[in-house]
Amino acid sequence: MIKVKALDTYEKLNIKDEQLNMIPKKGKIFQVTENRLKVLLGDNRHHVAFVEIVENKK
């Protein structure tokens, strides 16, 4: 799992994270899989990053 921190993109676009089932506030830290990380870093229909990596744990 990879620890990430939410950017303000969720709030700006008013998008609920499908796994958290909420709109994370800027700075919220949570863990995601590598596949989910790719989507949240810009491989999504909006082509924007929703998170930044805080820590990578293998």
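Atom CD of E52 and atom NZ of K5 lie 4.5 Å apart (nearest 0.5 Å). A distance of 12.5 Å separates NZ of K3 from CZ of F30, quoted to the nearest 0.5 Å. Atom OH of Y10 sits about 6.5 Å away from atom CG of L20, to the nearest 0.5 Å. One finds the NZ atom of K38 at 9.5 Å from the OG1 atom of T33 (value rounded to the nearest 0.5 Å). In this structure, NZ on K28 lies 10.0 Å from CG on D17, to the nearest 0.5 angstrom. Atoms CZ and OG1, from F50 and T9 in turn, are 6.0 Å apart once rounded to the nearest 0.5 Å.
In the hydrophobic clustering of this structure, V4 groups with L41; members are Ile, Leu, Val, Met, Phe, Trp, Tyr whose side-chain heavy atoms approach within less than 4.5 Å, directly or through other members. No continuous path of hydrophobic side-chain contacts links M1 to V39 [ILVMFWY only; heavy atoms under 4.5 Å]. Hydrophobic clustering (ILVMFWY, side-chain heavy atoms < 4.5 Å, transitive): L40 and L13 are in one cluster.
Nearest heavy atom pair, residue K16 against residue N21, reads CD-OD1, 3.4 Å.
A salt bridge between E11 and K25 is present, with a side-chain N of the basic residue lying under 4.0 Å from a carboxylate O of the acidic one.
Under the 4.5 Å side-chain criterion, counting only non-hydrogen atoms from C-beta, H46 is in contact with I15. Using a 4.5 Å heavy-atom cutoff, the side chains of I53 and I2 are in contact. Considering only heavy atoms from C-beta on, Q31 stays 4.5 Å or farther from Q19 through its side chain.
In terms of modelled atom types and a separation under 3.5 Å, the side chain of D8 and the main chain of K12 share no donor-acceptor contact.
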